[in-house]
Amino acid sequence: MSTLLKIRNLSAGLQGRRAITQVVSNVDLDVEAGEILGIVGESGCGKSTMAAAILRLLARPQALQSGSMQLTLEDGETYDLLQMPEKKLRQFRWRRLSYIPQGSMNSLNPVLRVRRQMTDTLVEHGLTKEEALGRAGEVLEQVNLEPRVLDSYPHELSGGMRQRVIIALAVSMRPALVVADELTTALDVVTQRQILQQMAAIRDELGTTFILITHDMGVVAQVADRMAVMYAGRIGEVGSVKDVFASPLHPYSQALIASIPQQSGQRVEGLSGEAPSPWNYPAGCRFHPRCPRVFEPCSEQAPALRPQGSGRWAACHLFEPQFEPQNVSDQ
Amino acid sequence: MKNARILIGVVMLAVILAVALIGPSVVDRVLFPDESPTSRGSYRPYQLASTAHPIGTDGDGRDGLAVFVSSITPSLAIGLIAGLISTSLGVALGFFAGYAEGRLDTLLRILIDMVLVIPTLPLLLMLAVYIERWDLYKLALILGLFGWAFVARVIRPQVQSLRERSYVDLARLSGENTPEIIFLELLPPLLPYIVYVLSLAVVGAMLAEAGLQIIGLGAGGLPTLGFMIAKGFREGVIGVGLLGQMFLPAGALIVVFLSLNLINTGLDQIFNPRLQTTIEGR
Amino acid sequence: MRDLLVVEDLQQVFKGRKPIYAVDGVSFRLPEEPTILNLVGESGSGKSTIARIILALLRPTAGHVLYKGVDIFTRDRKWKRQFRAEAQAVFQDPYSVYNPVYKVERVLKLVIRKFGLASSAAEARQRMEESLRAVDLRPQEVMGRYPHQLSGGQRQRLMLARVYLMRPRLIIADEPVSMIDAGMRASFLNILLDFRDTYGISTLFITHDLSNAMYLGGEIIVLYQGRIMERGETQGVTKAPLHPYAQLLMSSVPVPDPSRRWEEDVTGLALAEGGPSTSSQRQRCLFAERCPQSMDVCWQARPILRIPDGADMAARHVACYLYQEEQKRG
Amino acid sequence: MVAQETETMEAAEVSGRREAVHYIVRRFGIYLFTLWAAFTVAFFVFRMVPGDPMTILLGQLSRAEGQLDPEEAEVIIAHYREVFGLDEPLYKQYVFYLGNSIFRGLDFGPSFVAYPTPTRDLIVQRLPWTVGIFTTSVLLAWIAGTGLGAVMGWLHQRRLTGLAVAVSTLLQITPVYLVALGLIIYVGFALRWLPPGGPYAAHLQPTWNWEFISSLLRHAILPMLSVMLTLGAGFTLGMRALMISVLGEDYLTFAKAKGVLPLTILKDYALRNALIPQVTGLAIVLGATLNGIFIVEVLFQLPGLGTLFVQAMGLRDFNTMQGIVLFSIFAVLTLTLIVDLALPLLDPRIRKTV
């Protein structure tokens, strides 16, 4: 497997009332070609900002963005998304990487028929009208929708159908990468399962890579190959879903997994305290005020994300060799 | 003060109020001691601006500046009284309609819409035919009675949306009865909005008052800014060169409207944070 | 044995050009002893409407709700006050449940005043602090604040503090954890369990998220378009659901365990329209068009909720012809 | 399964059509009801004003026409009473009044301003002035304001728009009659660029020659300008706010992500959505501006409905005043109905919810 997207030292922020606030800080992340990568974290941890930052959709005056995002396509060409001029980026988006925004129930224009909203995108990316219409029907079929959906207005469709239209749109140009932000929030469980399986089917069929951003550990466990755990704008841990669920390294991942309600009778304890807001991130490791295993260096120095063997990464002083050596295997 | 608009608006309003309240006595005592500048025939009419009469004298032989400063208070008073009347009527009806359900609500909505389409100015003019002597309170009362529909129309949906909040349910579960829910739960959060609507109603009433005077309520014309403008226009003060007697009252009206507008949009910026969009906020 | 709450043939029709049957013939009961009853269903299944009816916030079109044997829509003011004191709610949205102009402790002060829970200001203060501590909130961090200054989790816990303060017999919790973070969720549910075990408070727990119901245990009612499809002990129903809808629902829960992934592909299944049923074709099973095992009879008459034939599951009720031998044969 | 879905979609289409019909019928019903209710309120307002209109009329008559023969006056008044049925009980008067409104097309008998011309004919005579000058300027103001506001909203972070917003705000809060006065005084009297009032040069006769038409147009500029400046500023600010709020919607972010051309986003995504409330705004403003228009007509001495009303008021011409009020209610409600019926063309969602 080759690396599709190499994110290095990515920071993104928002213009607040007084100052620019970094919401995402120094993120390093590799996205492998053809995988479903889940990014999990509590609300307000910067997941959505990161999704928008990858697409460079943060509006200019409000956002700052730094670092590098190297996208390597099948043909070996490499592009730095952060350096790309706006005009080129507009062509590049959707053809190479597309986006399913949060609240995608409201992402369709209420006054245009689905047909128009699908074809205007495709025509914009170089297809003729006929080709565009053909392609639209094709991708709708791929997500199990009738072609007559084309003639509907968004409000005439159910939430699940709208979500499918959005997915069809997102893959209509056969992009290499799709960033899906809270794909199934606000859908019923049955519909959620249908949508998630749909996504997996598209990945199998077309080899599309997905970044799936969610707060639901169950969703990640069901469909993702690898996962990254985010906390307060930083990545805490990266690894395959199986490994992370089986033996989480970072104390935050441990707490997240431990607090999942399982069966009645087996009581689990929640994580105490609140996630900090971007306006007052703590110094050092941002998790240290809530961490059950906090020790001296945590409040002073931010741990770096380092490889821990077998494709796993963690950012925690417990695994830093210069500090007190810890036995990791007992986690 | 956090908001520049509110600050500017408040300063402008304060200046106007100061002129309205202190102005007459200052003019009387400082500029015209031992005279009565606002009595008819005190001076030769249509005098041009001079040190004795900064904006000249009007057609009735009164000092223009003295007339101007004494006209502000009645204008503001009419606006305020009429605004208070229409706002309280409108809020009461808006709450009633917003709290009612089903057919009653539909009926009230149609009633409000219907009153809104009845052109007020012609009706006011018609009333003017029958009311022999206007005084400030009569005019304010009538303007107020004609302005409630607009208030009710904007309050009703606000009440409806608040009523859907679950804190209203919680209040009921906590043992509050309907009057308590209306006065303790629904009214307080709406107060800033009601103040906003009140200021719109005040502006509307002042506008209508000045309009009535200009179109010729005439006979018993009240000493307001609108009357001064209308009188100046009829007497052709511009032709004589007495620009100030026209522009000063018109300017004062605009300053009042502008200051209220600034305060309102400033308040809106504070209470309606939609303009500051952030991605993380969602 | 006298029941704490009896819900009898409840029906709620929202009139319009197309009447909507939000709740359509729902009956169940809560026993006197402390229990947890889970009411699960998708959006539009009528679960929140049922909650509002039981709280006497909404008058049903037909049917009765009896609390300790008395109709809750009685005109008896004294009884009603007592009922308000004994049946309390926790709502879904921890934001809109606070009046933005008041400090948060007003929700506590109000019930103290209205239900006479303290005889002096000092006692009131003491009881407030005690109840805050009972739900792991530090009084000095919460009191004197406005709702927007607290986090979602704190706000929702404050609702539990209010319930703790009132010590009701019954809590109706309508999606109380759907808007708070995962880390906080478990501790919230634990408090409900503690309330049952320590203070004998029953909970009617309304949710679309089955994992919460599984964690709480007790009994479960599965709703679909305003009707009960299946009812029984939570453990049994979630492990081995009988009704095809319940089966689909249970199998679609995203279990947070990568070793137990979904196997069967359901993408081809008809999409849920989700909405509550309208008047057309009500005399049939409402799940028929999505049901993989539907039979002719399913389209002809409404299946009644009853104990499945040939099963030794006394507590289980299903509204499905698959478990009614005479229908299956004929 | 798929077949089932197809069926529901077909059913949806049929019910969609039925819903459209239902929408139209319902709107029309509300229109008729509101019309009836407004006419009824007007009826009682007219009847409730203190004093017997006939007594006032009589006094007014002798004052206005001085040497009017008392007998002649008696005849006129008797005629009035008969036409109005003023000697009848109130409910009969009301029935008569409604009958007049419906079956005789808003005819309430002879006017007094131009006795014996019927009120309705008088209104019809004056109408072209009001419609030609004011309705045109409201529409022009709406088009210009909407366009300008859209541009300002689209570019809302540029510095220049700040100034434009300030100017628009100032214009918007200034009452239309003050702008009119300012224009009359400055452009009309001080600069003498354009005639300060009157429908056309006094020495001309209304004929279809260039001299007359150009005079007509020159006289129309200032009144139209005063209406357009104030209303246009309001429309501009309204549209700007709508655009800014639409720009924050999810579907706009999504459109950007899709790589749709900025021009397409502006046209199909931002404008179309922002226009929906803006069209509703037009209907409301059409009703509300009637007041200001009356004053502007009087200030510019244009022979429209406003001037007619003031003349009628001077003569206590009960008939004409009532006729004008009812006519304007009728016009505003009808315009609102037309806008309401046109709205579903812009917004497909309205066909579903009323």
Side-chain angles (χ1 to χ4, degrees), chain A residues 40 42-44 143-145 158-161 164 184 186-198 200-201 215-224 227 240-246 252 255-275 277 290, chain C residues 36 40-45 136 150-154 177 179-190 193 208-218 234-235 238 245 248-262 264-275 290:
Chain A
V40 292
E42 291 169 294
S43 56
V143 295
N144 280 307
L145 282 178
S158 69
M161 284 163 104
R164 284 176 192 221
T184 54
L187 293 179
D188 299 317
V189 283
V190 178
T191 315
Q192 162 169 293
R193 178 176 172 195
Q194 288 182 316
I195 297 284
L196 290 173
Q197 291 192 329
Q198 197 79 68
H215 67 277
D216 190 334
M217 297 293 278
V219 166
V220 173
Q222 286 295 329
V223 295
M227 65 191 283
S240 82
V241 170
K242 278 207 173 81
D243 292 345
V244 175
F245 269 89
Y252 176 63
L256 261 190
I257 288 165
S259 66
I260 296 171
Q262 301 271 355
Q263 282 294 315
S264 82
Q266 305 169 5
R267 268 179 97 122
V268 298
E269 292 308 321
L271 189 59
S272 63
E274 305 276 338
S277 87
R290 298 170 77 188
Chain C
I36 288 182
V40 302
E42 302 172 347
S43 55
S45 62
D136 295 330
L150 300 186
S151 74
Q154 283 174 315
V177 293
M179 288 172 84
I180 58 180
D181 272 322
M184 192 76 68
R185 204 168 284 188
S187 46
F188 188 96
L189 297 179
N190 287 342
L193 290 172
H208 73 282
D209 187 345
L210 279 154
S211 58
N212 295 327
M214 291 177 201
Y215 184 68
L216 288 174
T234 305
Q235 187 103 17
T238 51
Y245 171 66
L248 180 64
L249 192 67
M250 301 307 159
S251 68
S252 297
V253 176
V255 185
D257 182 352
S259 61
R260 283 164 55 204
R261 286 203 172 180
W262 294 317
E264 190 194 351
D265 180 30
V266 295
T267 47
L269 222 60
L271 288 166
E273 282 307 316
R290 293 174 71 195

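A, B, ... follow the sequence lines: proteins, then strands. Residue 1 opens every chain. Only heavy atoms go into these numbers, but all of them, side chains included; no hydrogens, no water, no symmetry mates.
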Proximal component of [X], with respect to chain C [non-hydrogen, under 4.5 Å]:
| X | result |
| --- | --- |
| A:Ile257 | neither |
| A:Ala224 | backbone |
| A:Val143 | neither |

If we define contacts as heavy-atom pairs under 4.5 Å, which of A:Val220, A:Asp216, A:Val223 has the most with chain C?
A:Val223

Count the heavy-atom pairs under 4.5 Å between each of A:Gln198, A:Lys242, A:Met217 and chain C, then report the option with the highest count.
A:Gln198

Where [X] and [Y] come nearest, the two heavy atoms and their spacing:
| X | Y | result |
| --- | --- | --- |
| A:Gln197 | C:Glu264 | NE2-O, 3.0 Å |
| C:His208 | A:Val189 | O-CG1, 4.3 Å |
| A:Ser259 | C:Ala186 | O-CB, 3.6 Å |
| C:Asp257 | A:Ala221 | N-CB, 3.5 Å |
| A:Val219 | C:Pro254 | N-CB, 3.9 Å |

Measure distances from [X] to the heavy atoms of chain A and classify the residue's part below 4.5 Å as side chain, backbone, both or neither.
| X | value |
| --- | --- |
| C:Leu248 | both |
| C:Thr238 | neither |
| C:Asp265 | both |

Examine distances only and state if a side-chain atom of C:Glu42 and a backbone atom of A:Asp188 form a donor-acceptor pair shorter than 3.5 Å.
no

With distance as the sole test, does A:Gln222 use its side chain to make a donor-acceptor pair with the main-chain N or O of C:Pro258 at under 3.5 Å?
no

Between C:Ser251 and A:Arg193, is there a side-chain heavy-atom distance shorter than 4.5 Å?
yes

Steps toward side-chain contact (heavy atoms from CB on, under 4.5 Å) verdict (A:Arg267, C:Leu193):
CA-CA 10 Å; A:Arg267 268 179 97 122; C:Leu193 290 172; 4.2 Å; yes

Between A:Val190 and C:Leu249, is a side-chain contact (heavy atoms from CB on, under 4.5 Å) present by the stated rule, with each step listed?
CA-CA 6 Å; A:Val190 178; C:Leu249 192 67; 4.2 Å; yes

